[in-house]
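Because only heavy atoms are used, hydrogens play no part in the values below, and waters and symmetry mates are left out as well, while side chains stay in. Along the sequence shown, the residues carry numbers beginning at 1.
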Amino acid sequence: MTAIEVLDPTDDPQFAEFHAVYVAAKNERWDRPYTAREQRAELLEVSGYTDTIGLIARNDAGIAVGMALIEFPLKDNLALVYVGVNVAPAHRRLGHGTAIAEAVAELARERGRTTLFAEARWNVDETSSGHTAFAEARGFHLDLVDAHRVLCLPPTLPDAPARDGYTLQTWRGPCPEEWIDQYANLLTLIVQEAPSGEYGLENEFFDAARVRSDEALLALQQRQMQVAVALLPEGEVAGHTQLVFPAADPENVYQWDTLVLKEHRGHGLGLTLKVAALEASADLLAGRKYVHTYNAVSNGPMIAVNELMGFRLVSYVGEFIAEA
């Protein structure tokens, strides 16, 4: 029998159990878990853009054996809920994962959501895994495959200066006010400009207030973000890239969004931006070992950029869809 309870992220002992199960489940080399501080900040955030809920599964002895993280978008994709279900390895194949998944689906239906979105990982020498088998057994189908690549540090970077009249600007911390509206537009467009599956995700809602809200969350999580943007002579922002440095994860760096607007492609800006961000982060890179990035396997141009920089393939992550 599995008992499901809703997490109170302000309850220290309960959250410690929740996060411990989550970390135990992330027991594969390249499946990097969020730190407790990072995860708790998301659960406590009241932003008006997303609502994040945690569930805990307990066995008959009252031991926390599984957990779920459920994110409800509040400004876009209102039929969708993002879900992550994890069971500690020692307690798998006992029905706990199914019980959590059923509780997640019920909660989604109560909130009027019709579609569940989840991810499952497998190794480069595999075509499936226990994670994908569980997802498929719960009625999920594969919608898109992402490739997870890693760059070992320190990198040997190609020479990639800005050309054709473009210039570069970098910052850490708050986005300068002069670019915030254009920057928010880039963040909005990433969904439609990057390869996607058949489901057809809506653009994520971003405006200047959302940018500031996300910056505040990064600060609470003790994450530092290095941003690089490409500019036209008139000051128009043509593209951007983001590197994230978690204070409590001293070995790893995470490449987040990279986007060059369609009308500015063909000038090498993807490579230029990524190299510029790494060069601007030389002090933050000191002592770290890996930069992680994810791209749809169909995104040939960005994969070519990553491979030119020295990224190597380490695993695949499937984006799975199911009806709630």
Side-chain angles (χ1 to χ4, degrees), residues 2 4 7 17-35 38-39 42 52-59 63-71 80-108 113 115-150 195-199 201 249 252 254-255 290 292-299 312-324:
T2 307
I4 306 294
L7 172 71
E17 291 179 289
F18 174 87
H19 187 70
V21 170
Y22 165 75
V23 171
K26 301 288 185 177
N27 64 335
E28 297 165 7
R29 181 182 182 189
W30 299 114
D31 192 5
R32 305 303 310 153
Y34 279 24
T35 66
E38 291 169 339
Q39 193 174 68
E42 284 195 352
T52 305
I53 296 173
L55 299 179
I56 300 178
R58 297 187 186 275
N59 63 12
I63 297 170
V65 295
M67 54 75 69
L69 199 66
I70 314 162
E71 180 181 306
L80 188 72
V81 59
Y82 298 96
V83 303
V85 173
N86 293 282
V87 176
H91 300 281
R92 291 174 181 167
R93 297 179 177 84
L94 298 173
H96 302 305
T98 296
I100 304 168
E102 290 175 350
V104 168
E106 181 178 355
L107 185 58
R113 307 295 168 121
T115 304
L116 308 176
F117 181 104
E119 295 182 341
R121 176 181 297 270
W122 64 96
N123 294 326
V124 293
D125 57 349
E126 300 173 329
T127 57
S128 63
S129 67
H131 309 300
T132 63
F134 174 76
E136 290 166 353
R138 296 301 312 157
F140 284 81
H141 69 271
L142 181 63
D143 193 48
L144 186 72
V145 178
D146 295 317
H148 177 191
R149 285 179 167 80
V150 167
S196 59
E198 294 182 3
Y199 175 74
L201 288 168
D249 182 6
N252 295 285
Y254 299 91
Q255 176 82 66
Y290 308 108
H292 300 255
T293 191
Y294 295 81
N295 304 102
V297 295
S298 58
N299 192 349
R312 62 186 177 90
L313 182 65
V314 296
S315 67
Y316 293 104
V317 177
E319 298 179 9
F320 285 80
I321 301 290
E323 292 184 4

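- T2 OG1 to H91 NE2: the interatomic distance, rounded to the nearest 0.5 Å, is 11.0 Å.
- Residues satisfying the salt bridge (charged side-chain N to carboxylate O under 4.0 Å, His left out) criterion with R113, sequence neighbours excluded, are absent altogether.
- Interatomic distance, N123 CG to L313 CG, rounded to the nearest 0.5 Å: 10.0 Å.
- The two atoms that bring L116 and E323 nearest to each other are CD1-O, 4.2 Å, heavy atoms only.
- Residues passing the side-chain contact (heavy atoms from CB on, under 4.5 Å) test with S128, sequence neighbours excluded: T132.
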Evaluation steps, side chain to side chain contact (heavy atoms under 4.5 Å, CB included), between F134 and R92: CA-CA 11 Å; F134 174 76; R92 291 174 181 167; over 6 Å; no
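- For the atom pair CG (L7) and NE2 (H19), the distance works out to 12.0 Å, reported to the nearest 0.5 Å.
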R138/T98 under side chain to side chain contact (heavy atoms under 4.5 Å, CB included): CA gap, chis, key distance, verdict: CA-CA 8 Å; R138 296 301 312 157; T98 296; 3.3 Å; yes
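- Here the CD-NE2 distance, from E136 to H131, works out to 13.0 Å after rounding to the nearest 0.5 Å.
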Trace of the side chain to side chain contact (heavy atoms under 4.5 Å, CB included) decision for V83 with F320: CA-CA 10 Å; V83 303; F320 285 80; over 6 Å; no
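- Annotation for V297 and Y316: closest pair CG1-CE2, 3.9 Å, computed over non-hydrogen atoms.
- For the pair F117/E319, a side-chain contact is recorded, criterion being any heavy-atom separation below 4.5 Å from C-beta on.
- Contact of the S196 side chain with the L201 side chain is not registered, since no non-hydrogen atoms from C-beta on lie closer than 4.5 Å.
- For I100 against N86, the heavy-atom pair with the smallest separation is CD1-O, 4.1 Å.
- Taking D31 as the reference, K26, E28, R121 meet the side-chain contact (heavy atoms from CB on, under 4.5 Å) condition, with sequence neighbours excluded.
- I56 places none of its side-chain heavy atoms less than 4.5 Å from the side chain of V21.
- The minimum heavy-atom distance linking A64 with E17 is given by the pair CB-CB, 4.1 Å.
- Looking only at distances, no side-chain donor or acceptor of H292 sits under 3.5 Å from a matching main-chain atom of Y254.
- A donor-acceptor pair under 3.5 Å is absent between the side-chain atoms of Y290 and the main chain of W30, judged by distance alone.
- Of all the heavy atoms in W122 and V317, the pair that sits closest is CZ3-C, 4.1 Å.
- Remark: Q255 CD to N295 CG distance equals 8.5 Å, nearest 0.5 Å.
- A heavy-atom distance below 4.5 Å is found between the side chains of L69 and F18.
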Worked check of side chain to side chain contact (heavy atoms under 4.5 Å, CB included) between Y199 and L80: CA-CA 10 Å; Y199 175 74; L80 188 72; 3.9 Å; yes
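- Other residues, nucleotides and ligands contribute more than 12 heavy atoms inside 6.0 Å of the CD atom of E102.
- For the side chain to side chain contact (heavy atoms under 4.5 Å, CB included) criterion with V81, the lone passing option out of I70, L107, V104 is I70.
- Atom CD of E71 and atom OG1 of T52 lie 4.5 Å apart (nearest 0.5 Å).
- Closest approach of I4 and A57 over heavy atoms only: CD1-CB, 3.8 Å.
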